[in-house]
Amino acid sequence: MGQGDHGRYVSVKIHLEPACPLNLEATLCCGQAFRWEKQGEWWFGVVGQVPLKISKAGDELRFENASTCFVRNYFSLDDNLPEILRRISKDSHVKGAVREFAGLRILRQDPWECLVSYICATYKSIPAIKNMLLRLCTKFGDEVLFEGRSFHGFPTPKGLAQATVGELGECGLGYRAIYVSETAKTMLETGLDFESLRRMPYEEARKTLLCLSGVGPKVADCVLLFSLGKFEAFPVDVWMRRVILRHYAKHFPREFVSKMTCDKSLGNAGYERLSLFGRNYFGKYAGYAQEHLYHYERMHG
DNA sequence: CAAGTGCCTTTATC
DNA sequence: AGATAAAGGCACT
(Lines give C-alpha, C1' and ligand atoms only; values in the text may rest on other atoms or scores of the structure.)
Protein backbone atom coordinates (compact mmCIF):
# COMPACT_ATOMS: atom_id res chain seq x y z
CA MET A 1 0.00 0.00 0.00
CA GLY A 2 2.42 2.71 1.01
CA GLN A 3 5.43 0.54 1.51
CA GLY A 4 8.36 1.08 -0.83
CA ASP A 5 10.53 -1.45 -2.64
CA HIS A 6 13.15 -1.53 0.05
CA GLY A 7 10.88 -1.78 3.07
CA ARG A 8 10.78 1.97 3.56
CA TYR A 9 7.55 3.89 3.57
CA VAL A 10 6.75 6.10 0.66
CA SER A 11 6.26 9.72 1.52
CA VAL A 12 3.33 11.34 -0.28
CA LYS A 13 2.27 14.97 -0.53
CA ILE A 14 -1.02 16.67 -1.20
CA HIS A 15 -1.14 20.34 -2.05
CA LEU A 16 -4.12 21.97 -0.33
CA GLU A 17 -5.84 24.66 -2.35
CA PRO A 18 -7.14 27.72 -0.47
CA ALA A 19 -10.69 26.54 -1.14
CA CYS A 20 -9.85 23.19 0.46
CA PRO A 21 -8.34 23.94 3.86
CA LEU A 22 -7.48 21.37 6.51
CA ASN A 23 -6.71 22.23 10.12
CA LEU A 24 -4.90 19.07 11.18
CA GLU A 25 -4.51 20.18 14.78
CA ALA A 26 -8.17 21.00 15.33
CA THR A 27 -9.40 18.01 13.34
CA LEU A 28 -7.37 15.52 15.37
CA CYS A 29 -7.75 17.28 18.73
CA CYS A 30 -11.45 18.10 18.75
CA GLY A 31 -12.41 14.79 20.28
CA GLN A 32 -13.96 13.00 17.30
CA ALA A 33 -11.16 10.40 17.02
CA PHE A 34 -9.19 8.92 19.88
CA ARG A 35 -6.26 7.16 18.30
CA TRP A 36 -3.97 10.02 17.23
CA GLU A 37 -0.85 11.20 19.04
CA LYS A 38 1.46 14.03 18.11
CA GLN A 39 5.19 13.48 18.17
CA GLY A 40 7.19 16.47 17.05
CA GLU A 41 6.04 17.47 13.59
CA TRP A 42 4.13 14.27 12.99
CA TRP A 43 0.77 12.94 13.95
CA PHE A 44 0.81 9.16 14.38
CA GLY A 45 -2.41 7.24 14.19
CA VAL A 46 -3.96 3.93 13.30
CA VAL A 47 -6.96 4.05 11.02
CA GLY A 48 -8.70 0.72 11.06
CA GLN A 49 -5.79 -1.68 10.66
CA VAL A 50 -3.32 0.74 9.08
CA PRO A 51 -0.79 2.81 11.01
CA LEU A 52 0.22 6.04 9.35
CA LYS A 53 1.78 9.40 10.08
CA ILE A 54 0.85 12.78 8.73
CA SER A 55 1.99 16.38 9.05
CA LYS A 56 1.20 19.73 7.54
CA ALA A 57 3.53 22.57 6.61
CA GLY A 58 1.91 25.58 5.02
CA ASP A 59 -0.49 24.35 2.37
CA GLU A 60 1.26 21.03 1.99
CA LEU A 61 0.00 17.85 3.57
CA ARG A 62 2.57 15.09 3.88
CA PHE A 63 1.97 11.51 4.96
CA GLU A 64 3.45 8.02 4.94
CA ASN A 65 1.98 4.54 4.66
CA ALA A 66 -1.27 5.59 3.04
CA SER A 67 -2.47 6.39 -0.45
CA THR A 68 -3.64 9.83 -1.49
CA CYS A 69 -7.08 8.37 -2.03
CA PHE A 70 -7.16 6.97 1.49
CA VAL A 71 -6.14 10.28 3.05
CA ARG A 72 -8.57 12.30 0.94
CA ASN A 73 -11.35 10.01 2.07
CA TYR A 74 -10.42 9.81 5.77
CA PHE A 75 -9.96 13.57 6.12
CA SER A 76 -13.05 14.26 3.98
CA LEU A 77 -11.04 16.52 1.69
CA ASP A 78 -13.71 16.25 -1.00
CA ASP A 79 -16.34 17.83 1.25
CA ASN A 80 -16.92 21.41 0.18
CA LEU A 81 -15.85 23.08 3.42
CA PRO A 82 -16.36 26.72 2.37
CA GLU A 83 -19.92 25.89 1.35
CA ILE A 84 -20.55 23.94 4.57
CA LEU A 85 -19.18 26.73 6.75
CA ARG A 86 -21.21 29.32 4.89
CA ARG A 87 -24.37 27.36 5.59
CA ILE A 88 -23.75 26.84 9.31
CA SER A 89 -22.62 30.41 9.99
CA LYS A 90 -25.95 31.46 11.43
CA ASP A 91 -24.77 33.75 14.21
CA SER A 92 -21.73 35.45 15.70
CA HIS A 93 -20.97 32.62 18.10
CA VAL A 94 -20.55 29.88 15.48
CA LYS A 95 -18.78 32.36 13.26
CA GLY A 96 -16.24 32.89 16.02
CA ALA A 97 -15.62 29.15 16.30
CA VAL A 98 -15.45 28.76 12.53
CA ARG A 99 -12.92 31.58 12.31
CA GLU A 100 -10.73 30.19 15.08
CA PHE A 101 -10.65 26.59 13.81
CA ALA A 102 -10.67 27.29 10.09
CA GLY A 103 -10.11 23.96 8.37
CA LEU A 104 -11.60 21.73 11.08
CA ARG A 105 -13.12 18.75 9.30
CA ILE A 106 -15.36 15.87 10.27
CA LEU A 107 -13.35 12.72 9.67
CA ARG A 108 -14.80 9.75 7.81
CA GLN A 109 -14.03 7.08 10.36
CA ASP A 110 -14.51 3.35 10.11
CA PRO A 111 -18.07 2.70 11.37
CA TRP A 112 -17.19 -0.31 13.50
CA GLU A 113 -14.31 1.44 15.20
CA CYS A 114 -16.45 4.53 15.66
CA LEU A 115 -19.33 2.54 17.13
CA VAL A 116 -17.20 0.73 19.70
CA SER A 117 -15.28 3.91 20.51
CA TYR A 118 -18.41 5.85 21.36
CA ILE A 119 -19.98 3.01 23.32
CA CYS A 120 -16.80 3.15 25.40
CA ALA A 121 -16.85 6.94 25.50
CA THR A 122 -20.05 7.26 27.50
CA TYR A 123 -19.54 9.19 30.71
CA LYS A 124 -15.76 9.30 30.34
CA SER A 125 -13.26 12.08 29.83
CA ILE A 126 -11.32 12.20 26.58
CA PRO A 127 -7.93 11.25 28.10
CA ALA A 128 -9.60 8.30 29.80
CA ILE A 129 -11.28 7.25 26.54
CA LYS A 130 -7.96 7.33 24.69
CA ASN A 131 -6.34 5.24 27.37
CA MET A 132 -9.17 2.73 27.37
CA LEU A 133 -9.16 2.30 23.58
CA LEU A 134 -5.38 1.98 23.53
CA ARG A 135 -5.62 -0.87 26.01
CA LEU A 136 -8.46 -2.46 24.06
CA CYS A 137 -6.49 -2.34 20.81
CA THR A 138 -3.29 -3.56 22.41
CA LYS A 139 -5.06 -6.53 23.91
CA PHE A 140 -7.36 -7.51 21.05
CA GLY A 141 -6.03 -5.86 17.92
CA ASP A 142 -3.46 -7.31 15.53
CA GLU A 143 0.01 -5.93 15.92
CA VAL A 144 1.40 -3.95 12.99
CA LEU A 145 4.95 -2.66 12.81
CA PHE A 146 5.52 0.80 11.41
CA GLU A 147 8.86 2.58 11.48
CA GLY A 148 10.12 -0.01 13.92
CA ARG A 149 7.35 0.76 16.36
CA SER A 150 4.50 -1.45 17.45
CA PHE A 151 0.95 -0.38 16.62
CA HIS A 152 -2.29 -2.28 16.88
CA GLY A 153 -5.22 -2.41 14.49
CA PHE A 154 -8.70 -1.95 15.84
CA PRO A 155 -10.19 -5.24 17.13
CA THR A 156 -12.63 -6.95 14.79
CA PRO A 157 -16.23 -7.79 15.77
CA LYS A 158 -15.16 -11.41 16.03
CA GLY A 159 -12.20 -10.54 18.24
CA LEU A 160 -14.39 -8.62 20.66
CA ALA A 161 -17.25 -11.12 20.52
CA GLN A 162 -14.86 -13.88 21.57
CA ALA A 163 -13.44 -11.88 24.45
CA THR A 164 -14.95 -12.45 27.87
CA VAL A 165 -16.57 -9.56 29.67
CA GLY A 166 -13.85 -9.93 32.28
CA GLU A 167 -11.10 -9.51 29.70
CA LEU A 168 -12.81 -6.44 28.27
CA GLY A 169 -13.12 -5.10 31.78
CA GLU A 170 -9.36 -5.39 32.20
CA CYS A 171 -9.03 -2.66 29.59
CA GLY A 172 -10.85 -0.31 31.91
CA LEU A 173 -14.22 -0.51 30.19
CA GLY A 174 -16.09 -0.96 33.46
CA TYR A 175 -19.80 -1.45 32.95
CA ARG A 176 -19.33 -0.74 29.22
CA ALA A 177 -17.69 -4.16 28.79
CA ILE A 178 -21.07 -5.86 28.61
CA TYR A 179 -22.33 -3.40 25.98
CA VAL A 180 -19.27 -3.90 23.78
CA SER A 181 -19.53 -7.66 24.15
CA GLU A 182 -23.22 -7.72 23.26
CA THR A 183 -22.85 -5.34 20.33
CA ALA A 184 -19.91 -7.37 18.98
CA LYS A 185 -22.00 -10.54 19.19
CA THR A 186 -24.90 -8.82 17.46
CA MET A 187 -22.52 -7.74 14.71
CA LEU A 188 -21.38 -11.30 14.19
CA GLU A 189 -24.86 -12.81 14.24
CA THR A 190 -26.88 -10.30 12.27
CA GLY A 191 -23.98 -8.76 10.36
CA LEU A 192 -25.18 -5.16 10.61
CA ASP A 193 -24.39 -3.67 7.23
CA PHE A 194 -22.88 -0.23 7.69
CA GLU A 195 -22.96 0.45 3.96
CA SER A 196 -26.72 0.09 3.90
CA LEU A 197 -26.93 2.42 6.92
CA ARG A 198 -24.91 4.94 4.97
CA ARG A 199 -27.51 4.83 2.19
CA MET A 200 -30.49 5.13 4.56
CA PRO A 201 -31.95 8.46 5.64
CA TYR A 202 -30.71 9.79 8.97
CA GLU A 203 -33.78 8.85 11.00
CA GLU A 204 -33.90 5.29 9.73
CA ALA A 205 -30.21 4.62 10.24
CA ARG A 206 -30.51 6.09 13.72
CA LYS A 207 -33.35 3.76 14.67
CA THR A 208 -31.26 0.79 13.59
CA LEU A 209 -28.28 1.87 15.66
CA LEU A 210 -30.47 2.51 18.71
CA CYS A 211 -31.29 -1.22 18.84
CA LEU A 212 -27.70 -2.00 19.76
CA SER A 213 -26.63 -2.52 23.35
CA GLY A 214 -24.96 0.54 24.83
CA VAL A 215 -26.18 2.78 22.04
CA GLY A 216 -28.44 5.64 23.07
CA PRO A 217 -29.24 8.81 21.12
CA LYS A 218 -25.89 10.46 21.81
CA VAL A 219 -23.78 7.48 20.71
CA ALA A 220 -26.00 6.93 17.67
CA ASP A 221 -25.61 10.55 16.60
CA CYS A 222 -21.83 10.37 16.98
CA VAL A 223 -21.60 7.23 14.83
CA LEU A 224 -23.92 8.73 12.22
CA LEU A 225 -21.92 11.94 12.06
CA PHE A 226 -18.37 10.66 12.35
CA SER A 227 -18.57 7.53 10.23
CA LEU A 228 -21.77 7.39 8.19
CA GLY A 229 -21.83 10.81 6.56
CA LYS A 230 -25.01 12.01 8.28
CA PHE A 231 -24.00 15.64 8.68
CA GLU A 232 -27.38 16.65 10.07
CA ALA A 233 -26.70 14.61 13.23
CA PHE A 234 -26.19 16.93 16.20
CA PRO A 235 -24.76 15.04 19.21
CA VAL A 236 -25.50 16.67 22.55
CA ASP A 237 -23.31 15.98 25.56
CA VAL A 238 -22.72 17.98 28.74
CA TRP A 239 -20.52 20.47 26.88
CA MET A 240 -23.06 21.05 24.15
CA ARG A 241 -25.79 21.46 26.70
CA ARG A 242 -23.75 24.26 28.28
CA VAL A 243 -23.18 25.87 24.89
CA ILE A 244 -26.87 25.78 24.05
CA LEU A 245 -27.94 27.10 27.45
CA ARG A 246 -25.43 29.94 27.32
CA HIS A 247 -25.80 31.05 23.71
CA TYR A 248 -29.08 29.67 22.38
CA ALA A 249 -31.39 29.77 25.39
CA LYS A 250 -33.67 32.28 23.68
CA HIS A 251 -34.76 29.55 21.28
CA PHE A 252 -36.41 27.64 24.13
CA PRO A 253 -39.17 28.36 26.65
CA ARG A 254 -37.84 29.77 29.91
CA GLU A 255 -39.27 26.84 31.84
CA PHE A 256 -37.33 24.34 29.75
CA VAL A 257 -34.11 26.33 30.13
CA SER A 258 -34.30 26.48 33.92
CA LYS A 259 -35.02 22.77 34.04
CA MET A 260 -32.00 22.04 31.82
CA THR A 261 -29.82 24.26 33.99
CA CYS A 262 -30.72 22.45 37.19
CA ASP A 263 -31.02 18.84 36.08
CA LYS A 264 -27.92 16.72 36.30
CA SER A 265 -28.77 14.48 33.39
CA LEU A 266 -30.80 15.50 30.41
CA GLY A 267 -33.30 12.72 29.83
CA ASN A 268 -34.23 11.25 26.50
CA ALA A 269 -36.85 13.93 25.84
CA GLY A 270 -34.39 16.70 26.74
CA TYR A 271 -31.78 15.20 24.46
CA GLU A 272 -34.14 15.01 21.51
CA ARG A 273 -35.24 18.57 22.03
CA LEU A 274 -31.72 20.01 22.09
CA SER A 275 -30.53 17.84 19.22
CA LEU A 276 -33.56 18.68 17.11
CA PHE A 277 -32.93 22.36 17.73
CA GLY A 278 -29.41 21.92 16.34
CA ARG A 279 -30.68 20.21 13.22
CA ASN A 280 -33.41 22.77 12.59
CA TYR A 281 -31.32 25.82 13.39
CA PHE A 282 -28.08 24.90 11.63
CA GLY A 283 -29.54 22.86 8.79
CA LYS A 284 -28.21 19.88 6.87
CA TYR A 285 -24.63 20.38 8.09
CA ALA A 286 -25.58 20.82 11.75
CA GLY A 287 -22.95 18.27 12.76
CA TYR A 288 -20.22 20.56 11.48
CA ALA A 289 -21.61 23.35 13.64
CA GLN A 290 -21.72 20.99 16.60
CA GLU A 291 -18.09 20.01 16.30
CA HIS A 292 -16.93 23.61 16.00
CA LEU A 293 -19.02 24.69 19.00
CA TYR A 294 -17.94 21.68 21.01
CA HIS A 295 -14.26 22.27 20.40
CA TYR A 296 -14.63 25.99 21.06
CA GLU A 297 -16.36 25.33 24.36
CA ARG A 298 -13.67 22.89 25.46
CA MET A 299 -10.87 25.25 24.55
CA HIS A 300 -12.39 28.34 26.17
CA GLY A 301 -15.32 27.34 28.37
C1' DC B 1 -1.33 13.80 49.01
C1' DA B 2 -6.34 12.91 49.99
C1' DA B 3 -10.67 13.71 48.84
C1' DG B 4 -13.92 15.47 45.73
C1' DT B 5 -15.78 16.39 41.28
C1' DG B 6 -16.76 15.53 36.62
C1' DC B 7 -16.67 12.91 32.61
C1' DC B 8 -18.77 13.62 24.49
C1' DT B 9 -24.61 8.53 28.86
C1' DT B 10 -27.23 4.22 28.87
C1' DT B 11 -30.04 1.11 31.03
C1' DA B 12 -33.14 -0.61 34.46
C1' DT B 13 -36.72 0.42 37.30
C1' DC B 14 -40.52 2.75 39.16
C1' DA C 1 -44.39 9.03 29.56
C1' DG C 2 -41.35 10.75 32.56
C1' DA C 3 -38.32 10.73 36.42
C1' DT C 4 -34.58 8.54 39.05
C1' DA C 5 -30.69 5.69 40.36
C1' DA C 6 -26.80 3.02 39.44
C1' DA C 7 -22.80 2.03 37.04
C1' DG C 8 -16.56 1.63 37.38
C1' DG C 9 -12.92 4.11 37.24
C1' DC C 10 -9.83 7.51 35.57
C1' DA C 11 -8.17 12.35 35.19
C1' DC C 12 -7.78 16.57 37.20
C1' DT C 13 -7.99 20.09 41.06
Side-chain angles (χ1 to χ4, degrees), chain A residues 26-37 97 101 104 106-107 109 113-136 138-139 164-184 186 206-227 230 233-246 255-256 258-275 278 286-301:
Chain A
T27 299
L28 297 179
C29 285
C30 69
Q32 58 179 319
F34 306 104
R35 295 241 284 151
W36 287 94
E37 292 297 336
F101 305 123
L104 166 60
I106 304 284
L107 296 168
Q109 299 188 57
E113 174 168 350
C114 193
L115 173 61
V116 175
S117 296
Y118 279 93
I119 289 174
C120 291
T122 63
Y123 209 59
K124 276 278 185 190
S125 62
I126 288 175
I129 297 162
K130 286 184 165 183
N131 194 8
M132 194 163 46
L133 291 174
L134 179 62
R135 286 202 266 171
L136 194 70
T138 305
K139 197 173 174 71
T164 67
V165 172
E167 289 173 321
L168 294 170
E170 288 168 24
C171 301
L173 299 205
Y175 63 89
R176 300 162 196 79
I178 189 80
Y179 302 148
V180 169
S181 176
E182 286 182 3
T183 292
T186 303
R206 191 172 195 259
K207 274 182 195 159
T208 308
L209 289 173
L210 285 172
C211 296
L212 296 166
S213 176
V215 178
K218 161 64 168 60
V219 172
D221 279 333
C222 286
V223 175
L224 290 164
L225 177 60
F226 299 133
S227 73
K230 306 298 180 208
F234 194 84
V236 178
D237 64 347
V238 289
W239 297 91
M240 284 310 296
R241 176 167 64 171
R242 287 197 277 264
V243 171
I244 294 170
L245 289 176
R246 192 174 315 133
E255 179 189 284
F256 179 72
S258 51
K259 192 158 87 75
M260 278 295 134
T261 313
C262 300
D263 279 16
K264 279 231 138 212
S265 67
L266 76 167
N268 197 35
Y271 181 94
E272 297 302 344
R273 203 158 170 182
L274 295 180
S275 183
Y288 256 95
Q290 188 274 358
E291 211 49 22
H292 279 82
L293 293 170
Y294 173 79
H295 193 44
Y296 191 87
E297 179 69 13
R298 284 180 52 87
M299 296 290 106
H300 303 287

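These numbers come from the heavy atoms of this one structure, side chains and all, not from hydrogens, waters or symmetry mates. Just so we're on the same page: letters track the sequence lines, and every chain starts at 1.
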What integer number of Å spans the P atoms of C:dC10 and B:dT11? 23 Å

Symbol by symbol from the 5' end, with Watson-Crick or G-U pairs under 3.5 Å, [ ] crossing and | another strand, DNA chain B is ..|||||.||||||

Exam field: side chain A:Q32 to backbone A:E291, donor-acceptor pair closer than 3.5 Å: no

Check: A:R206 side chain, A:L224 main-chain N or O, donor-acceptor pair, under 3.5 Å: no

Please write out each protein N/O paired with an N/O of nucleotides 9-12 of chain B under 3.5 Å, distance rounded to 0.1 Å.
residue: B:dT9; atom: OP2; partner: A:Y123; partner atom: N; Å: 2.9
residue: B:dT9; atom: O5'; partner: A:Y123; partner atom: N; Å: 3.2
residue: B:dT10; atom: OP1; partner: A:G216; partner atom: N; Å: 3.0
residue: B:dT10; atom: OP1; partner: A:G216; partner atom: O; Å: 3.2
residue: B:dT10; atom: OP1; partner: A:K218; partner atom: N; Å: 3.2
residue: B:dT10; atom: OP1; partner: A:V219; partner atom: N; Å: 2.9
residue: B:dT11; atom: OP1; partner: A:G214; partner atom: N; Å: 2.6
residue: B:dT11; atom: OP1; partner: A:V215; partner atom: N; Å: 3.4

Quick one: label A:N268 by what it contacts on the DNA or RNA (base, sugar-phosphate, nothing), any heavy atom closer than 4.0 Å. nothing

So, the side chain of A:T183 versus the backbone of A:V180: is there a donor-acceptor pair under 3.5 Å, distance only? no

Close side-chain approach of A:F226 and A:I106, heavy atoms under 4.5 Å: yes

Any base atoms under 4.0 Å from A:E291, or only sugar-phosphate, or nothing? Heavy atoms, all strands. base

Listed pairs under 3.5 Å, donor-acceptor, residues 208-219 of chain A side chains, sequence neighbours left out:
residue: A:T208; atom: OG1; partner: A:E204; partner atom: O; Å: 3.1
residue: A:S213; atom: OG; partner: A:E182; partner atom: OE1; Å: 2.9

Between A:R135 and A:A269, whichever has its closest DNA chain C nucleotide further toward 5' is A:A269

Under a 4.5 Å cut-off applied to non-hydrogen side-chain atoms, are A:I126 and A:R298 in contact? yes

Is a side-chain donor or acceptor of A:Q290 paired with a backbone partner of A:V236 at a separation under 3.5 angstrom? no

Angle class for the A:Y296/A:H300 ring planes (parallel below 30°, perpendicular above 60°, tilted otherwise)? tilted

